[in-house]
Student: 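Questions regarding the structure given below will be posed in turn.
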Number of protein chains: 2
Amino acid sequence: MVDQTFPLWFSGVMSDDLDTVFAALADPTRRAILAMLLEDDMAVTDVAEPFEMSLAAISKHLTILTRAGLISQEKRGRVKWCKLEPDALRAASVWMQGFGQFEPVNLDAFERFLENQLSAGDEA
Amino acid sequence: MVDQTFPLWFSGVMSDDLDTVFAALADPTRRAILAMLLEDDMAVTDVAEPFEMSLAAISKHLTILTRAGLISQEKRGRVKWCKLEPDALRAASVWMQGFGQFEPVNLDAFERFLENQLSAGDEA
DNA sequence: AGTTTGGTCAACCATTTGGTTGAATATGCG
DNA sequence: CGCATATTCAACCAAATGGTTGACCAAACT
């Protein structure tokens with residue numbers, strides 16, 4: 001079924017899905033929303049509460065996350081519940097690892113990265 | 001030292017570096033460039049060759065990838081060599097994997113931090 | 001020295017993005 | 001019914017993105 005006219009990496013590289021997933025992740029508000037949904041499903045209004053931003057703006061962010069497949073939204077009554085859907089994330093993560101040819105997880109590198117972030121923030 | 005006023009995941013969520021890495025990955029041309037550099041280091045002109053796009057456009061893409069830390073560029077003679085730098089990818093990948101395993105999230109601390117940020121911003 | 005080659009810069013353009021506000025659409029409650 | 005709550009829609013705006021072209025600079029070839 002898969003035509004081999006172009007190399008294997010091509011399909012992964014050109015995928016529109018990866019476009020939307022990575023674009024969705026490239027915003028700190030949306031990453032914060034994902035982190036909040038990690039704890040529990042939430043209604044749109046509750047998602048919006050900690051942010052200094054209109055409800056409509058958060059609604060747009062949620063639409064972007066939904067189109068990327070990173071969350072799902074189910075309307076029960078008059079409240080719309082948002083649920084994390086880690087599968088899209090996992091797919092992109094797997095793609096990155098296969099692509100980057102590095103070892104599955106290097107936690108040391110991650111902690112160094114975090115410490116750099118925090119000390120950089122202290123200097124501000 | 002690393003201050004633990006807010007939870008560890010927060011720095012990952014708010015990091016500007018993740019912004020630039022994910023934004024850089026959210027473009028198929030740039031992902032294709034990364035895949036090409038996976039095979040070998042390349043000169044800018046050779047990177048541009050397979051694309052139906054001006055050299056200047058590719059040059060911009062390479063600047064974006066460089067700022068994201070995903071590649072490095074070294075000028076030898078009059079040709080500028082591009083080299084894949086998988087470390088930035090690794091950090092982002094590890095961040096993403098955090099969503100596969102359900103780590104606890106401290107939402108209260110997140111809200112407190114946002115409030116601090118906002119009042120600090122008002123004073124500026 | 002003169003010319004080609006490798007690459008960036010600057011100005012411009014169309015489209016997208018991330019936000020706003022105010023009106024609209026459901027849904028639930030007294 | 002009449003009103004409050006939850007969420008989206010529509011129009012708008014400023015800034016960022018992804019591309020173009022032509023001028024420009026630096027290194028190499030003859």
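For clarity, every value in this text was computed on a predicted model and none was experimentally measured. Just so it is clear: chains get the letters A, B, ... in the order the sequence lines come, proteins before strands, and each one is counted from 1.
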Student: Near DNA chain D, which residues from residues 57-70 of chain B have a heavy atom under 4.0 Å away?
Tutor: B:Ala57, B:Lys60, B:His61, B:Ile64
Student: Pairs in or reaching into residues 33-65 of chain B: which pass ring-ring contact (aromatic ring centres under 6.0 Å, His included), with residues at least two apart or in two chains?
Tutor: none
Student: Other members of the hydrophobic cluster containing B:Ile64, with the 4.5 Å side-chain heavy-atom rule, please.
Tutor: none
Student: Who are the side-chain hydrogen bond (donor to acceptor under 3.5 Å, both in side chains) partners of B:Ser72, not counting sequence neighbours?
Tutor: B:Glu85
Student: For the residue pair B:Leu25 and B:Leu70, establish whether any side-chain heavy-atom pair is separated by less than 4.5 Å.
Tutor: yes
Student: Sequence neighbours left out, what passes side chain to side chain contact (heavy atoms under 4.5 Å, CB included) with A:Ala56? Give chain and number order.
Tutor: A:Ser54
Student: At less than 4.0 Å, is any side-chain N or O atom of A:Ser54 found next to OP1 or OP2 of C:dT20? Yes or no.
Tutor: yes
Student: Can you name the residues that form a side chain to side chain contact (heavy atoms under 4.5 Å, CB included) with A:Asp40, not counting sequence neighbours?
Tutor: none
Student: Sorted by first residue and then second, give each salt bridge (charged side-chain N to carboxylate O under 4.0 Å, His left out) pair with at least one member in residues 48-70 of chain B; sequence neighbours left out.
Tutor: none
Student: One character per nucleotide, please: for nucleotides 23-30 of chain C, 5' to 3', B when the base has a protein heavy atom closer than 4.0 Å, S when only the sugar-phosphate does, - otherwise.
Tutor: ----BS--
Student: Could you tell me which residues satisfy side chain to side chain contact (heavy atoms under 4.5 Å, CB included) with A:Ala23, sequence neighbours excluded, listed by chain and number?
Tutor: B:Ala26
Student: In chain order, what residues pass the side-chain hydrogen bond (donor to acceptor under 3.5 Å, both in side chains) check against A:Gln73, with sequence neighbours excluded?
Tutor: A:Thr66
Student: Can you pull every protein N or O that's under 3.5 Å from an N or O on nucleotides 13-16 of chain D?
Tutor:
none

Student: Any heavy-atom pair between the side chains of A:Asp46 and A:Val79 that's under 4.5 Å?
Tutor: no
Student: Looking across every strand, which nucleic acid part, if any, lies under 4.0 Å from A:Ala23 by heavy atom: base, sugar-phosphate, or nothing?
Tutor: nothing
